[in-house]
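Down below is the structure, laid out as structure tokens.
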Amino acid sequence: FGSLWQARSSTQALERLARSAQTSPQESHAWGRLIGVVFFLVSYIARHVLRLLLGDSVVSGGGVPFWRCAFGVLIQLGVLPSILVALCSARGGGPPLLPTPDRLQAWGEAWARRRSGVWEWAFGYVFGLFFTFDLILVPLRSNVIIHHVVCLAFHTWIYASPQRPGLHLFMAGCIALEVGTGFSNLLMLLPRRAMVRALFVAMMTLSNATGAYFTFRWLRLQPGWLVWLLVAPATLLILLLRQLHGIAEGYKLFGWSWA
């Protein structure tokens, strides 16, 4: 971690973190790894705490333990959006929560030239560990396992391709989709709350639309047609299944059945 540990105070450490967000590739990668390690340790502790509080009962229709739904809400509606806010604050040039696709594309071009950025690396580790955590510690259905393995493989491929454009569009698209899934977890925690169901339907729809647009913008930057042929159909299928889930929950708001 080099000079990471040479800061003599917490203020100096924070100042160095802010500078390394856009300067040293080695130091920013070290900060990203450190954030990933902290995330893993906190997540492991949170798992035990949530299991004690909520138990291991499987949520009806969700197929995952009740504690995992609460854990998902914390990560998908808290940690991942916070990384996006931190990224936007470090990069600057606009609002911290809603970066425009053009800003994201420009940041991706800079990243392809020089892989420097604390929060880019932090997202790489946190997102990958989140899915790995699920695969190792959570009983999952076979379709969810396949989904996680494919997402992890794609995520690894993105970070293992130094010159591939569009990293920040990929990040924003992933976080947008995870926000929708976070509201799905919230609904499984509070299935009898009509307000939560209405919020889920709205946020899932917005999440899918945003994720689809960022995916389209990312695909436009990719050379050749092979990526289009592999990514576009898989993404469309996932978005369709997610939106059908949203429509089914929307029907319940009016007391209708979804056949």
Side-chain angles (χ1 to χ4, degrees), residues 4 10-39 42 72-131 151 154-155 158-159 161-162 164-183 202-222:
L4 200 61
S10 59
T11 301
Q12 289 177 318
L14 291 173
E15 290 175 353
R16 186 160 294 171
L17 173 58
R19 289 198 304 271
S20 65
Q22 300 184 48
T23 55
S24 165
Q26 294 77 19
E27 194 165 357
S28 64
H29 193 180
W31 275 108
R33 285 197 301 268
L34 179 61
I35 292 170
V37 170
V38 172
F39 170 78
V42 172
V73 170
L74 294 175
I75 304 304
Q76 294 159 328
L77 301 185
V79 173
L80 293 177
S82 296
I83 290 177
L84 182 61
V85 171
L87 169 67
C88 294
S89 298
R91 292 288 179 180
L97 186 57
L98 300 171
T100 64
D102 289 339
R103 285 173 68 201
L104 293 167
Q105 183 172 331
W107 296 343
E109 292 169 358
W111 170 267
R113 293 191 299 269
R114 190 167 184 262
R115 286 158 65 93
S116 175
V118 170
W119 302 109
E120 288 86 345
W121 286 116
F123 174 79
Y125 284 107
V126 168
F127 191 76
L129 286 170
F130 179 44
F131 276 65
C151 287
F154 186 65
H155 181 74
I158 291 290
Y159 273 86
S161 306
R164 183 160 298 281
L167 173 71
H168 297 75
L169 290 166
F170 165 76
M171 290 175 60
C174 287
I175 293 172
L177 293 177
E178 289 300 314
V179 167
T181 306
F183 279 99
M203 293 306 299
M204 177 58 80
T205 302
L206 180 61
S207 164
N208 290 337
T210 305
Y213 181 67
F214 281 137
T215 301
F216 172 71
R217 289 290 298 257
W218 180 84
L219 284 170
R220 286 177 57 190
L221 301 177
Q222 307 311 307

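For the single chain, residues carry numbers from 1 onward in sequence order. Predicted model only: the values in this text are computed from it and were never measured. Atom set for the values below is all heavy atoms of this structure, side chains included, hydrogens, waters and symmetry mates excluded.
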Point to revise | Residues Leu74, Val79; criterion side-chain contact (heavy atoms from CB on, under 4.5 Å); working and verdict | key: CA-CA 7 Å; Leu74 294 175; Val79 173; 5.8 Å; no

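- Side-chain contact between Ile35 and Tyr125 is absent, with no heavy atoms from C-beta onward closer than 4.5 Å.
- A distance of 6.5 Å separates CG of Leu177 from OG1 of Thr215, quoted to the nearest 0.5 Å.
- Below 30°, between 30° and 60°, or above 60°: for Phe123 and Phe127 the angle between ring planes is below 30°, a parallel geometry.
- Annotation: the span from Asn208 atom CG to Met203 atom CE amounts to 11.0 Å, rounded to 0.5 Å.
- Taking NE2 of His155 as the start and CE of Met171 as the end, the distance is 9.0 Å to the nearest 0.5 Å.
- Side-chain atoms of His168 and Glu120 include a donor-acceptor pair closer than 3.5 Å.
- The structure places CD of Gln26 at 10.0 Å from NE2 of His29, a figure rounded to the nearest 0.5 Å.
- In this structure, Pro25 and Arg115 approach most closely via the heavy-atom pair CB-O, 3.6 Å.
- Counting only heavy atoms from C-beta outward, the side chains of Gln222 and Pro165 approach each other to under 4.5 Å.
- Side-chain contact between Leu80 and Cys174 is absent, with no heavy atoms from C-beta onward closer than 4.5 Å.
- Leu169 and Leu104 make their closest contact through CD2-CB, 3.8 Å (heavy atoms, listed as atom of the first residue, atom of the second, distance).
- Residues Leu167 and Ile158 meet the side-chain proximity criterion, which asks for heavy atoms closer than 4.5 Å.
- Separating the CD1 atom in Ile175 from the CD atom in Gln76 is a distance of 11.5 Å, to the nearest 0.5 Å.
- Looking at Thr100, its side chain does come within 3.5 Å of a backbone N or O of Arg103 through a donor-acceptor pair.
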Exercise for review: Would you please test Trp218 and Phe154 for ring-ring contact (aromatic ring centres under 6.0 Å, His included) and show each step?
Suggested key: CA-CA 13 Å; Trp218 180 84; Phe154 186 65; 5.6 Å; yes

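- Looking at every heavy atom in both residues, Ala176 comes nearest to Ser207 through O-OG, 2.6 Å.
- Closest approach of Ala90 and Trp119 over heavy atoms only: CB-CD1, 4.0 Å.
- When all heavy atoms of Ile75 and Pro81 are compared, the pair lying nearest together is O-CD, 4.0 Å.
- Scanning all heavy atoms of the two residues, the minimum distance from Phe214 to Pro101 falls at CE2-CG, 3.9 Å.
- A tilted orientation is assigned to the rings of Tyr159 and Trp121, their planes being inclined by 30° to 60°.
- If you take OG on Ser28 and CZ on Arg114, they are separated by 8.0 Å, rounding to the nearest 0.5 Å.
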